[in-house]
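Note sheet for the following structure.
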Amino acid sequence: MALRRALARVSGAQSSGRALAAAGARALSSEAAVEVPRLGQVDAIPSGPATRMNLFTAINQGMRAAMQTDDDCILFGEDVAFGGVFRCSMGLREEFGGERVFNTPLCEQGIAGFAIGYAATGRSCIAELQFADYIFPAFDQIVNEAAKFRYRSGGQFDCGGVTFRSPCGAVGHGGLYHSQSPEAYFAHTPGLKVVMPRSPAQAKGLLLSCIRDPNPCLFFEPKALYRASVEDVPDADYEIPIGKAEVVTAGDDVTLVAWGAQVHVMEKAAAMARDKLGVSCEVIDLRSILPWDAETVAASVNKTGRVVIAHEAPKTGGFAAEVASEIQERCFLRLEAPIQRVTGYDTPFPLAFERHYVPDALKVFEAVKAATSF
Amino acid sequence: MAIVAAAAARAAARSVRSMAARSWGVTARAMSTSPEAGEYPGGVTLPFTTDMAFHDPADDDRIPVFRVMDESGMLREGVEGFGEDREDVTNMYTTMLRIHQLDTIFYEAQRQGRISFYMTANGEESIHVGAALGFNNDDPVYAQYREAGLLLMRGFTLQQFADQCCSNEDDGGKGRQMPVHYGSPEHHFYTISSPLTTQLPQAAGTGYAMKMEGKGRCCAVFFGEGAASEGDFHAGMNFASTLEAPVVFFCRNNGYAISTPVKDQYRGDGIASRAAGYGMPSIRVDGADVFAVREATRAARDMAVAESRPVFVEAMAYREGHHSTSDDSTRYRSGDEIAHWRETSNPIGRLRRFMESKGWWDDEREKAANKAERKAVLQALTAAEKKPAPDMSELFSDVYAGEQPWHLAEQEVALRKHMARHPEHYAGEGH
Ligand SMILES: Cc1ncc(C[n+]2csc(CCOP(=O)(O)OP(=O)(O)O)c2C)c(N)n1
């Protein structure tokens, strides 16, 4: 639904985009008057003044904070100037000027290469790749260039200031090419950091970490959550550390591991398991795919002895396989049941069968049942 | 200086035209049409015609080759202001000899198994010397792999070349990449990367940063005519153009991409003809004429900076050597062909004839210079071979800045334990 609305807005924007963007800019610049404290890295979402907002607005706020604190930081991509097809860059061109927030030609390998070259001068930038499904023309630039820039030069050069943002995941009607979750491809690439937030407050803190991290980062945004996920987001400038998972719900019997939109599926399944089976699930949001927090997951599994991992991407070679492998190494003697994977199927992402394809609470609930009755 | 003055006048005229050109797309005026012309999106006015004529570029004149010195080493008629300073020309010449000796000795060293791989620049030495003189020394450079001469011109030492090719502990790249993948921040020369053409969109980004920096620097990017077939060529050209980045796209058209001749590579008028499609000024230059390369490069970089836009240079050349030490080019081209080009077009021979005609050079000087360069290169290579390999810990460093992620730290510990269990297996390697 978010996608359809976003697309509708794009076509509407031909006539009203300017007005929309201007209104957005006014709303944002009135907030800009408030002094924003910089908290640096935080272990938990900071308390203090907060504003209720959705995911795309939180991402917008994160980018604003990054650009306010770093005059060299620029933002670009397809349709970024008018606010982006998902509205993430709304008002930013008005605030920071056309030299820092701009459209690029429609060419993902160009966007990625341009970003790398800009960052190779020691500056930071945010490159938007309009859909994760269309990241593949940029695959070579990201995997062979961004990821290896430092290593191949013996540490003499780097492009660590680059952050690639890209909307990913199922959205209800995206079909093959507006639904993919390509995180596993990039998890296979040393030199990259890969992050996926589950909510607005998480997104702001994680995005700021990515932008300020001295390594190239990929920040995948579950597009189904752009409008659907709403929560209080601190007004402060804060960074959630990359590579640290979060125990979202504590539990004793089964560990549920997910990231992005699937964390919410896990929470629903945990509630079902509690209500129907009297099973207590511990839900962990991995948050970072590379590097990922094996320690937190292993600590949980050493307590529960059972684990279910879910992701939207296909099963074979999916990141759940990596998590499962590491967990059996670390927790072999503590495991009470085979590690369960609930994932998309090894097919392209089918429009009409999205409900069958994407892991939902029922499938996870079944996996919990299997794990507890083994 | 007749030619130079003419070039300046052309540049001025072009500058005025480009001001007009650069206002394209900025205005979003309402469409209005007259009987003769109509306005189209982007604020561009296009003439109408009832003549249904296709434009076939095959009917166009070929883009001419800018040269000031012919094969015999004589300045062409009407040309003035080139090669007047003996010291200046001697420096260019001896640097070309040094590149040639470096190539000859390192190529042989690979044949003898002393280094693992090598690529020569035979026949293109003038391009790298001329281009190095055309750019400012602090203009950031992205090279393809054959441009070692430019790095030499900037002061990268023979020892640094040898250390990189021997993958020893003094290689700035820590022995990770194959020979000829040089890089040096001090010389504003980004580390060479094997995937072809990836440096073009990167150059657009670096050029954009140079524009933001506002210090009058320009980004230089080199590539072959084969590399120009990659999608990244289009990406880099279009980004630099639309984002008005001061970048000089420098194509070395040397006739071959490994074995593939240009007729299997493209159909247009070389690569320079493509610049027009990106709204980019371009020039084609005789790559074996070091004076012309320097002049054209200098004019291109100055135009790029002054007008904040990319400029294209295509240097015509002939790759006299094999593609690399992994290639035997006689399998796809005749010895006669190579000999023909070597005799008629070799840039070192050409400049030597120029210097001889001035009475600045002779056999004795040639012998002495070659001997000195040879000795210096051999010394560097011998010293490099004696240096130890980089420390094994460099296998795991520089993947990430900052704290080593746990998985890498674990893998390093595991390897160290494995090595400790099998010292005999790793004897003499690393530390
Ligand atoms: C993306 C990519 N494809 C293929 C290769 C293998 N390769 C290395 S050099 C080369 C030919 C390049 O020719 P050209 O650009 O004309 O430069 P030249 O070698 O003539 O200087 C090829 C095919 C590569 N390095 N990268």
Tell me, with the steps shown, if A:R123 and B:E213 meet side-chain contact (heavy atoms from CB on, under 4.5 Å). CA-CA 11 Å; A:R123 294 165 171 84; B:E213 181 188 71; 3.5 Å; yes
For A:G154 against B:K174, the heavy-atom pair lying closest together: O-CE, 3.2 Å
Kindly indicate whether the side chain of B:P195, heavy atoms from C-beta on, has any atom under 4.5 Å from the side chain of A:E145. yes
For the student: nearest non-hydrogen atoms of A:G117 and B:T206, plus distance: O-OG1, 2.7 Å
Report yes if the side chains of B:W406 and A:D293 come closer than 4.5 Å at any heavy-atom pair, otherwise no. no
When you look at OH of A:Y177, are more than 12 heavy atoms from neighbouring residues, nucleotides or ligands closer to it than 6.0 Å? no
Residue, of B:S193, B:P405, B:G183, B:A204, that accumulates the most heavy atom pairs under 4.5 Å with chain A: B:S193
Of the listed residues (B:A235, B:P201, B:A203), which shares the most heavy-atom pairs with chain A below a 4.5 Å separation? B:P201
Do other residues, nucleotides or ligands put more than 12 heavy atoms under 6.0 Å from the NZ atom of B:K387? yes
Would you call B:R176 and A:Y151 a side-chain contact if the rule is heavy atoms closer than 4.5 Å? yes
Please rank B:H234, B:E394, B:M212 by heavy-atom pairs under 4.5 Å with chain A and give me the top one. B:M212
Might you confirm whether atom OH of A:Y185 has over 12 heavy atoms from other residues, nucleotides or ligands at distances under 6.0 Å? no
Which portion of A:A294 sits near chain B, non-hydrogen atoms under 4.5 angstrom: both
Heavy-atom side-chain contact between A:R152 and B:H181 under 4.5 Å: no
Are more than 12 heavy atoms, taken from residues, nucleotides or ligands other than B:H418, located less than 6.0 Å from that residue's NE2 atom? yes
Taken in chain and number order and not counting sequence neighbours, the residues that satisfy side chain to side chain contact (heavy atoms under 4.5 Å, CB included) with A:A120 are A:F149, B:Y142, B:Y190
Below 6.0 angstrom between ring centroids: does that apply to B:Y208 and A:F102? yes
Can you tell me which of A:Y118, A:W292, A:F76 forms the most heavy-atom pairs within a distance under 4.5 Å of chain B? A:Y118
B:M210 side chain near A:T121 side chain, heavy-atom distance below 4.5 Å: yes
For chain A, which candidate among B:G175, B:G402, B:S397 shows the most heavy-atom pairs at distances under 4.5 Å? B:S397
Side chains of A:Q141 and B:T198: closer than 4.5 Å at any heavy-atom pair? yes
Answer with yes or no whether the side chains of B:E186 and A:Q156 bring together a donor and an acceptor at under 3.5 Å. no
Pick from A:L192, A:D72, A:L290: which one has the most heavy-atom pairs with chain B under 4.5 Å? A:L192
Cut-off 4.5 Å, heavy atoms of chain A, and the answer for B:E403 is neither
So which of A:R150, A:E108, A:E326 has the largest heavy-atom pair count under 4.5 angstrom toward chain B? A:R150
Pick whichever of B:S184, B:G173, B:P185 has the most heavy-atom pairs under 4.5 Å with chain A. B:P185
Can you name the nearest heavy-atom pair linking B:G231 to A:Q109, along with the distance? C-NE2, 3.1 Å
Would the number of heavy atoms belonging to other residues, nucleotides or ligands and lying under 6.0 Å from CD of A:E295 be above 12? no
B:F189 portion near chain A, given a 4.5 angstrom heavy-atom threshold: backbone
Among B:L200, B:D232, B:T242, which residue forms the greatest number of heavy-atom pairs with chain A at distances under 4.5 Å? B:D232
Tell me, do A:E99 and B:K211 make a side-chain contact under 4.5 Å, heavy atoms counted? yes
Could you look at A:D213 and say if it's the side chain, the backbone, both or neither that has a heavy atom under 4.5 Å from chain B? neither
Kindly give the heavy-atom pair with the smallest separation between B:A401 and A:N215, and that separation in Å. N-OD1, 2.8 Å
